[in-house]
Amino acid sequence: MQEVLQTIGSVTGISLVLALIITLADKWLNDYGEVTVDINKGERKFKTEGGQMLLNALAAQKIFIPSACGGKATCGLCKVQVTDGAGPLLPTEAPYLTAKEQETHYRLSCQVKLKNDMAILIPEELFNIKEFIGTVEQLDNLTHDIKLLRIKLPEGETIKFKAGQFVQLYTKPYGKIKETVFRAYSIASPPSDNTHVDLIIRLVPGGIATGYVHEALKVGDEIRISGPYGDFFLRGDEGINELVMIAGGSGLAPIRSLLYDIAEKGLDYRIRFYFGAVAKRDLYAEEEMAKLEAEYPNFKFVPALSSPAAEDEWDGDTGRITEVVDRYVENADGKEAYLCGSPGMLDACIKVLHSKGFKDDAIFYDKF
Amino acid sequence: MEFSTISPIVIFFASIATSNMILNNFLGMCSYIAISSEYKTATGLGKAVTLVIVVTNAINWVIYHLVIVPLKIEYMQYIIFIMVIAATVQIIEMAMDRFVPDLHVSLGIFLPLITVNCAILGSTLFMVIRHYGLLQAILFGIGSGLGWWMAICMLAAIRERMQRAKLPPGLAGAGITFIITGIMALAFVGFSGIFTIQ
Ligand SMILES: Cc1cc2nc3c(=O)[nH]c(=O)nc-3n(C[C@H](O)[C@H](O)[C@H](O)COP(=O)(O)OP(=O)(O)OC[C@H]3O[C@@H](n4cnc5c(N)ncnc54)[C@H](O)[C@@H]3O)c2cc1C
Ligand code: FES
């Protein structure tokens, strides 16, 4: 008995002493005082305790840098640009950073310790991802199966995004659906209106999120979204003077945002927007597009119906969207293409664009 | 064999050449295999292992003789040694980061990796089994560390030269590394007989 107690006692004693020494060492050695972190050249600044890892310090500020390994330098996702105060590159980081990234001061934020004041650059998209509890301000039918959902952000909060990006919309349990899901929806409003988010949502028969929006949601309801996300936005690379935009159904949403943004900024592009629908009852936003055409003379909206109904009295383009694109787009010179819609439609259109000489680096799309 | 009477100098050389941690005892293999594709990192790791083996050998010797033996808890020595090694590594890393940040960049980041390196615990256990005195233990630590460092550097140098070699797909990576290590160990058999400490 005594032996057991003595063993337990001595091992506990040794652990205690070791723990005490480490704690004291940590207090004394790891005390770097208070440091200031400057994000994106003064856009935001915060003071925090030194000695912690940059990744954790940012997380405490609700700035979420992607990380899949929890800071063990094995996923390489936590890259940020540290322009000042990071110290030399560590061998643990080097394998995850290309020569170009090393040159431009990219670091793994989970390996960079805050020892002194630091200046970092975070891609706007990351810096801007936030969660909002907005209210439904407007919920209108655009067609028989497409609704415009206008969300007002909480008082005093704003969203900063690039035209073309999307948000995640979180549903609440409704009717027979007991779960909460989230789905991606492209922002249809321009970035200049940073207190609202417009979404254009097409009902998917049996769909959880679209069913929620179309059947359960009412004006005045609370709605949770987060964002912005995504890399679908205007590139406008050098030598580009024409934008070919192609969408079907609710794919008009991000294009609408792009168009408003381009028009507001007065960018000088020739723009053709090919919009595919089945019959006239699937067409919407024609008035808006006509208004844009008037304001922005270099823009033309080309709606095309694949099988107009007899009563539609349609005198515009007919045929599948691929045929229309094939008809009007002559070549790829100085052009970038922006596409949004169902995967099937997109794949078919991309094939046509390839045949016109478009390279993959001039074609941008979001598959819904 | 009476180990405790062997001269510390002999122990030092033997632990490099005839009782090499890797090539004769096959201890510390995981990091040896994993971190030997580049000479530069291999040296860094070698230095870190050497430093930690020496420091922990000395501390563990003191703990063994002043705590474990008097309290008659020899059967708990493994746990205690491991705790001491972990704590020591932690403190060395913090101190390095604070006072010699440049050294920390080249060495410090390997320290957490080698907390559980078996060569380090192995070295402590050998010193206990062989009843080394403090000086013997320290020189054994230095020799073991240098021997480990040398072995990983040799392997890294060979692997760097081999980078463009056409290997059969099944051998590339760990396979050929084990074979090289085996051949290196065979070469080291040539030293046997010069000194014997185990
Ligand atoms: C980047 C991005 C942006 C998007 N932007 C928009 C947008 O602006 N407007 C919009 O309406 N949608 C958009 N979507 C699609 C949206 O995220 C949902 O996938 C879609 O609304 C269906 O969600 P649900 O919960 O109603 O259907 P679910 O419950 O997920 O699906 C129900 C059933 O319908 C099928 N299904 C799912 N999606 C579709 C579809 N699109 N067509 C046909 N069948 C389908 C499923 O396979 C399933 O069998 C976008 C998707 C992505 C990836
Ligand atoms: S968080 Fe995985 S590498 Fe930094």
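In this text the structure is predicted, and so the values were computed from the model without any measurement. Per chain, numbering begins at 1; letters A, B, ... match sequence-line order.
Gln77(B) places no side-chain N or O within 3.5 Å of a backbone atom of Ile68(B) that could act as its donor or acceptor partner.
Within the 4.5 angstrom heavy-atom criterion, atoms from both the backbone and the side chain of Ile91(B) approach chain A. Only the side chain of Met76(B) comes within less than 4.5 Å of a heavy atom in chain A; its backbone stays farther off. For Leu71(B), the parts sitting under 4.5 Å from any heavy atom of chain A are the backbone and the side chain alike. Only the side chain of Val67(B) comes within contact range of chain A, judged by heavy atoms closer than 4.5 Å.
Looking at Thr7(A) and Tyr75(B), their side chains do bring a donor and an acceptor atom within 3.5 Å of each other.
The choice from Asp31(A), Val17(A), Leu29(A) that makes the most heavy-atom pairs within less than 4.5 Å of chain B is Leu29(A). Considering only heavy-atom pairs separated by less than 4.5 Å from chain A, the leading option among Met94(B), Glu38(B), Lys72(B) is Met94(B). When the candidates Ser15(A), Gly9(A), Gly87(A) are compared by the number of heavy-atom contacts under 4.5 Å with chain B, Ser15(A) comes out ahead.
Under 4.0 Å is where a charged nitrogen must lie from a carboxylate oxygen, and between Arg235(A) and Asp361(A) no such pair does.
Checked against Glu93(A) for a side chain to side chain donor-acceptor pair (under 3.5 Å), the options Gln102(A), Arg107(A), Gln111(A), Lys79(A) give a single hit: Arg107(A).
A distance below 6.0 Å separates the ring centres of Tyr132(B) and Phe140(B).
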